[in-house]
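Scroll down for the structure; my scribbles are underneath it.
In what follows, chains are A, B, ... by sequence order, proteins preceding strands, each numbered from 1.
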There are 2 protein chains.
Amino acid sequence: MTPVNLKSLAEELNMSIATVSRALRDSHEVSEATKQRVRALAAARHYEPNAYASSLRRNISKTIGVVIPKVANHFFALAINGIEEAARQAGYHVLIYLTHDDYAREVSIVQHLKGGRVDGLLMSVASGTEDFAHIKSLREANIPIVFFDRVCAEVATAKVTTNDYESGYQATEHLIQAGCQHIAHLLISNNLSIGQFRQQGYLDALAAHGRLADPDLILHGVMDNQQNVGLIRELLLRRPDIDGIFASVERLAISAYHVCNELGRRIPQDIKIIGFSNLEAASLLDPPLSTITQPAYDIGREAAKILLRAVEKKKAVLPSQSVVLESTLFQRRSTAQG
Amino acid sequence: MTPVNLKSLAEELNMSIATVSRALRDSHEVSEATKQRVRALAAARHYEPNAYASSLRRNISKTIGVVIPKVANHFFALAINGIEEAARQAGYHVLIYLTHDDYAREVSIVQHLKGGRVDGLLMSVASGTEDFAHIKSLREANIPIVFFDRVCAEVATAKVTTNDYESGYQATEHLIQAGCQHIAHLLISNNLSIGQFRQQGYLDALAAHGRLADPDLILHGVMDNQQNVGLIRELLLRRPDIDGIFASVERLAISAYHVCNELGRRIPQDIKIIGFSNLEAASLLDPPLSTITQPAYDIGREAAKILLRAVEKKKAVLPSQSVVLESTLFQRRSTAQG
DNA sequence: TTTATTTACGTAAACGTTTGCAGCAAATCG
DNA sequence: CGATTTGCTGCAAACGTTTACGTAAATAAA
């Protein structure tokens with residue numbers, strides 16, 4: 001089977017490769033009649049331009065990369081959904097990479113992407129990441145980057161986040177209003193910006209109601225969920241006075257549910273729980289889980305749009321283009337009074 | 001900033017581009033001493049090969065495409081996880097495309113991929129797809145394809161599926177054992193192979209227990225969940241004798257929960273429900289949902305491995321390489337006796 | 001010593017596309 | 001009618017890499 005490319009089309013049409021190329025790109029320098037002929041044959045032969053040749057020549061890949069910790073998580077899944085939508089509309093392709101919250105893997109991925117495989121990058125940094133040299137080097141390679149959700153404060157670029165501080169404050173206040181006296185806070189990594197903001201909201205809300213923050217009530221979760229269950233169990237046994245839990249991430253809220261079931265603590269009578277979550281079935285849990293839900297789809301879509309605008313105009317993304325979207329607190333039975 | 005490529009490295013080292021290229025690829029035709037020098041400078045200059053130039057020249061992209069209906073679904077999210085893992089290990093990149101179960105979009109995506117952007121394709125077909133010409137044309141372009149879960153029977157290639165017939169049979173029998181007399185079956189599209197298998201399992205299980213299948217109890221869901229809720233409500237109101245539901249997909253099981261809540265039907269006392277699902281929180285639902293859970297991660301990983309083997313050896317994927325993995329039935333309270 | 005063989009490197013041609021430049025008609029203008 | 005513009009097309013050089021082939025020197029075989 002002979003390959004179908006510009007050359008073969010040109011030969012069959014008795015014209016130059018240049019003319020065929022221009023006709024297909026709808027250049028004004030080629031007559032309408034010729035365009036018709038070219039397009040007709042291209043369609044007949046099912047011509048598809050070689051993306052790599054084009055990318056090489058134009059130094060444009062029409063591809064963006066997405067680097068995230070994991071995909072088996074409703075938040076990131078929805079974000080990808082938004083990203084893919086924005087990319088598709090702009091005619092871009094989406095490469096996906098998972099770090100599994102592993103710093104070394106993140107570095108390796110970013111290094112490889114400097115080869116020009118992508119025109120731009122969307123990223124939610126791994127929780128283990130503390131050094132950002134690899135990301136900064138991307139900027140030297142002139143590859144624009146936009147952070148979403150888990151941003152890197154040290155890098156001057158656009159970031160798409162949610163109002164994490166306010167949400168943390170709001171969630172904590174919600175528990176206080178519901179009558180909780182001793183509120184625990186479960187979070188993952190505290191070098192993650194979002195963790196810091198949410199925690200600050202938690203602390204400030206406590207302070208605003210005259211409560212003093214107890215460091216013993218702040219639990220740092222780990223990667224492994226099984227291990228988290230153990231940590232939470234230990235916490236609840238050590239501090240039986242805990243009557244409210246604010247989980248900074250979905251997994252921890254779920255683990256807390258399991259522990260409460262196991263220990264026979266009734267939700268919400270004995271302990272009230274609220275957590276960040278994009279779980280669709282939150283309202284079907286036993287009891288329905290009160291959540292702070294981030295607009296994940298919009299976050300992804302917005303981040304992609306900002307990136308693509310920069311890519312198209314070949315301009316750097318500016319920190320000033322950052323966007324903060326609002327999360328929504330859904331009050332359900334897990335934080336009901338009494 | 002001058003570009004760092006083979007040319008610039010060669011100039012600085014006073015050798016030819018060819019030697020630099022060979023040194024970096026660890027060719028045996030270059031002396032160890034030279035390799036050292038080249039590697040040292042490449043590292044110092046942070047050289048990253050241009051992926052597109054390499055792909056163009058070698059006609060190999062080191063990239064596979066994944067075409068799936070959606071990503072905001074735990075099954076597909078886990079599958080992507082498995083795919084990414086296998087791809088990463090083999091040094092491949094992963095392009096992702098969502099069809100949203102839209103046939104036209106699927107065709108458009110597949111068409112574009114014929115341009116050689118990917119070395120191979122993993123696919124779970126859209127529920128609206130009935131014509132497979134676009135997929136067959138991929139094979140003409142010599143792009144191997146492996147289906148997973150939602151396979152296309154007409155295309156002779158490897159498929160990675162689960163034992164859908166047995167699962168459908170098992171789920172139905174489970175409901176019968178639990179005492180259900182009138183079991184409804186909720187499914188999406190019946191031109192999807194998996195739907196057919198599961199339904200056949202349902203029908204055969206009924207027959208094996210001397211029940212006659214009632215077409216009125218088979219509900220075909222649609223894309224929109226809100227609409228599905230309406231359809232299910234209508235079904236349950238029209239047929240108050242229904243005391244068991246076998247949902248072929250997670251969404252429909254969730255919708256059924258919502259309808260039961262709304263209509264005051266108690267699960268499992270009035271109606272027992274079992275459904276295909278990869279929902280992590282299934283055990284936390286009210287009541288905990290009995291599920292048939294597919295090994296989604298393994299499905300993705302296995303499919304990717306088969307594809308990558310074929311890609312590496314430049315051989316076609318054969319139907320004989322198909323794999324059937326087993327799903328697991330988790331019995332929970334939604335199908336408890338009494 | 002001469003003749004093979006091996007080793008280590010360079011030359012140059014691809015891969016398929018895009019695009020600056022030039023050419024050459026026909027059309028327009030002075 | 002000559003000069004200039006305009007519209008269309010072709011030529012050829014890129015983009016950065018890989019690799020078949022050639023070649024010179026060094027080594028081995030004769």
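When the C1' atom of C/dG10 is taken as reference, atom CE of B/Met15 falls 12 Å away, rounded to whole Å. Atom-to-atom, CZ of A/Arg58 to C1' of C/dG20 comes out at 16 Å; the value is rounded to the nearest Å. Distance CD1 (B/Ile17) to P (C/dT11): 10 Å, rounded to an integer number of Å. To the nearest angstrom, C1' of D/dG16 lies 17 Å from NZ of A/Lys114. In this structure, NZ of B/Lys7 is placed 15 Å from C1' of C/dT11, rounded to the nearest angstrom. One atom, CG of A/Leu13, and another, C1' of D/dT9, lie 14 Å apart when rounded to the nearest Å. Spacing between atom CG of B/Leu56 and atom C1' of D/dT19 amounts to 14 Å, rounded to whole angstrom units. In this structure, A/Asn59 atom CG and D/dC15 atom P are separated by 10 Å, rounded to whole Å.
The aromatic ring centres of A/Tyr103 and A/His134 sit less than 6.0 Å apart. Between A/Tyr97 and B/His93, the ring centre distance stays below 6.0 Å.
Nucleic acid contact class of B/Ser54 (heavy atoms, under 4.0 Å, all strands): sugar-phosphate only. Within the 4.0 angstrom heavy-atom criterion, only backbone atoms of the sugar-phosphate kind lie near B/Arg25; the bases stay farther away.
Looking only at distances, a side-chain donor or acceptor of A/Asp101 sits under 3.5 Å from a matching main-chain atom of A/Ser127. Judged by distance alone, the side chain of B/Gln321 and the main-chain N or O of B/Leu318 form a donor-acceptor pair under 3.5 Å. Looking at B/Glu106, its side chain does come within 3.5 Å of a backbone N or O of B/Ala126 through a donor-acceptor pair.
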Checklist line | Residues B/Asp119, B/Lys62; criterion salt bridge (charged side-chain N to carboxylate O under 4.0 Å, His left out); working and verdict | finding: CA-CA 6 Å; B/Asp119 293 339; B/Lys62 283 275 172 187; over 6 Å; no

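Closest-nucleotide positions on DNA chain C for B/Ala53 and B/Ala18 were compared, and the one nearer the 5' end corresponds to B/Ala18. Nearer to the 5' terminus of DNA chain D, by closest-nucleotide assignment, is the contact made by B/Pro49 (compared with the other of B/Arg22 and B/Pro49).
A sub-4.0 Å separation between OP1 or OP2 of C/dG10 and a side-chain N or O of B/Ser16 is present. At least one side-chain nitrogen or oxygen of B/Thr19 sits closer than 4.0 Å to the OP1 or OP2 atom of C/dG10.
Look at B/Arg88 and B/Glu85 and you find a salt bridge, because one of the NZ, NE, NH1 or NH2 atoms lies within 4.0 Å of a carboxylate O, short of that distance.
At a non-hydrogen distance threshold of 4.0 Å, A/Tyr47 from residues 27-48 of chain A come into contact with DNA chain C.
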